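Note that the structure is a prediction, hence the values are computed from the model and not measured.
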Amino acid sequence: MAHYFNEPSRTFSEYLLVPGYTSEECVPDNVSLKTPIVKFKKGEQSEIVANIPLVSAIMQAVSDDNLAVALAKEGGISFIYGSQSIEDEAAMVKRVKDYKAGFVTSDSNVRPDQTLKDVLELKKKTGHATVAVTEDGTSAGKVVGIVTSRDYRVSRLSQDTPVSEFMTPFEKLVYADENVTLSEANDMLWDNKLNALPVIDKNQRLKYFVFRKDYDSHKSHPNELLDANKRYVVGAGVNSRDYEERIPALVDAGADVLCIDSSEGYSVWQARTLAWVREKYGDTVKIGAGNVVDREGFRFLAEAGADFVKIGIGGGSICITREQKGIGRGQASAVIDVARARDEYFEETGVYIPICSDGGIVYDYHMTLALAMGADFLMLGRYFARFDESPSNRLNINGNYVKEYWGEGSNRARNWQRYDLGGEGGKMKFEEGVDSYVPYAGGLSENVNLSLSKVKATMCNCGVTTIPQLQREAKLTVVSATSIVEGGAHDVTLRDSSQNVIR
């Protein structure tokens, strides 16, 4: 006879946290959201600890190098999507690792024989007033001068004027050599009252700009997540098909942590992938696996050598696996069950394997619930797809700005490896994801900080200041359908403040 679970399959919306005692120490400024990403032994520390419990999903519409840098600045980790060529994914990882905080590669460059009109058009296109003048007009060309808005007045200069006539020539530039540190560069900016400092190599080629305005930006990201060499931490997705070629390329590019991207992780394919990694790299390469939704799935991947285990099948906003195949589990029930299995495994072996809740987050308070139920960190797709830094297009539809968002199981992504069940492979027989839009929400930093301020405030209401405390001491209650209604605005007529009328 088939096995039946006694409890229904529940979502995060079916739970609430019950407040605990709030002491004087329980204020948001005292809350730490640091969390382990990869496994560690009792009494030791995880080799990778994130400063916030958020990572971005392994999706084409979410995680590229641009979002990876933005999220690392806030203390989280992006997992670059693997449904692209090995070369392209490795190049994205390398761009994140090569990115020097505060050092900006020039995207505004002209030749000395171009005109003021070209400079103005470039400024309109990029929004940047500082333009490098190089012999070949590229960012890596030999520098012959710099143009800033102080070098010309549109009202007094013909737009046909060659750049060479109004630029600041190289011999008059204040510049730094390529070995300068960010601290030294900032000192030069202030000492010389500059807005931009070019960094130039021994062959007089432009390497970077350091901007005065970025000094404040750098100081405003105290949680940025850096490796031992002061480079941003970045993850990458792999599959169970071409891992023998893809993983070495990603490791060489500098990926800090990998994750097998699959809709269902309780499989021989993931065990083989993990076994190959351990045989080739030992414990030096960190790799997570998943997804699973119960104790057996967790134990399987833990014993196979996973550094973390990802939870969730069918709970993503663009995922239709449950509709198509009838498999999965409510995300809250899955997290609770797997968290118990993780703690049980820790008691037995002394090895703590972090778990990642992937999917099911609709509201910000769901983040706190998932952490309270035992998740060490959360993987989010729709959430990050809404921001400027995600790789999808921003569109205006019926007067509303949206961003494109599609699932890896959609015909658009055609990521058949994620849903691979062996055999010949190479194509998808049916979709397990949809192509959609999400409301545009602006920049990542502001939104992430707002969401996490809610998490911190809720943790204070629960009387805790760390995620491990929350996991040990949280009190949760199942809610009824009527109490869900009670929890929102009800029995009132809402006022539309923008129109100053009721609706």
Got a list of side-chain donor-acceptor pairs under 3.5 Å for residues 463-472, not counting sequence neighbours?
| unit_1 | atom_1 | unit_2 | atom_2 | d |
| --- | --- | --- | --- | --- |
| T465 | OG1 | Q469 | OE1 | 3.1 |
| T466 | OG1 | Q469 | N | 3.2 |
| Q469 | OE1 | T465 | N | 3.0 |
| Q469 | OE1 | T466 | N | 3.4 |
| Q471 | NE2 | G374 | O | 3.3 |
| Q471 | NE2 | A375 | O | 3.0 |

Practice task
Output yes when a side-chain donor or acceptor of K310 lies under 3.5 Å from a complementary backbone atom of N291, and no otherwise.
Solution key: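 The answer is no, because no donor-acceptor pair under 3.5 Å joins these two groups.
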Problem - Which residues share a side chain to side chain contact (heavy atoms under 4.5 Å, CB included) with P248, sequence neighbours left out - result: W276, K280, Y281
Practice task
Not counting sequence neighbours, which residues clear side chain to side chain contact (heavy atoms under 4.5 Å, CB included) with D252? List them please.
Solution key: none
Exercise for the section: Scan side-chain atoms only and decide if S139 and S106 contain a donor-acceptor pair under the 3.5 Å cut-off. Expected result: no
[X] vs [Y] side-chain heavy atoms within contact, under 4.5 Å:
| X | Y | value |
| --- | --- | --- |
| F79 | V55 | yes |
| Y440 | V402 | no |
| E224 | L226 | yes |
| S390 | K403 | yes |

Exercise for the section: Give every residue pair that meets the salt bridge (charged side-chain N to carboxylate O under 4.0 Å, His left out) criterion with at least one member in residues 441-452, sequence neighbours excluded. Expected result: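 Matches after skipping sequence neighbours: none remain.
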Problem - Where at least one partner belongs to residues 45-55, residue pairs that pass salt bridge (charged side-chain N to carboxylate O under 4.0 Å, His left out), sequence neighbours excluded - result: E47-K286
Problem - Candidates S262, S63, C259 - the one meeting side chain to side chain contact (heavy atoms under 4.5 Å, CB included) with I58 - result: C259
Practice task
Would you sort out whether Y99 and F103 count as a ring pair (Phe, Tyr, Trp, His ring centres under 6.0 Å), showing the intermediate values?
Solution key: CA-CA 8 Å; Y99 185 96; F103 291 83; 9.6 Å; no
Exercise for the section: Tell me whether the centres of the aromatic rings in Y345 and Y352 are closer together than 6.0 Å. Expected result: no
Fill in the blank from the handout: By salt bridge (charged side-chain N to carboxylate O under 4.0 Å, His left out), E389 pairs with (sequence neighbours left out) none
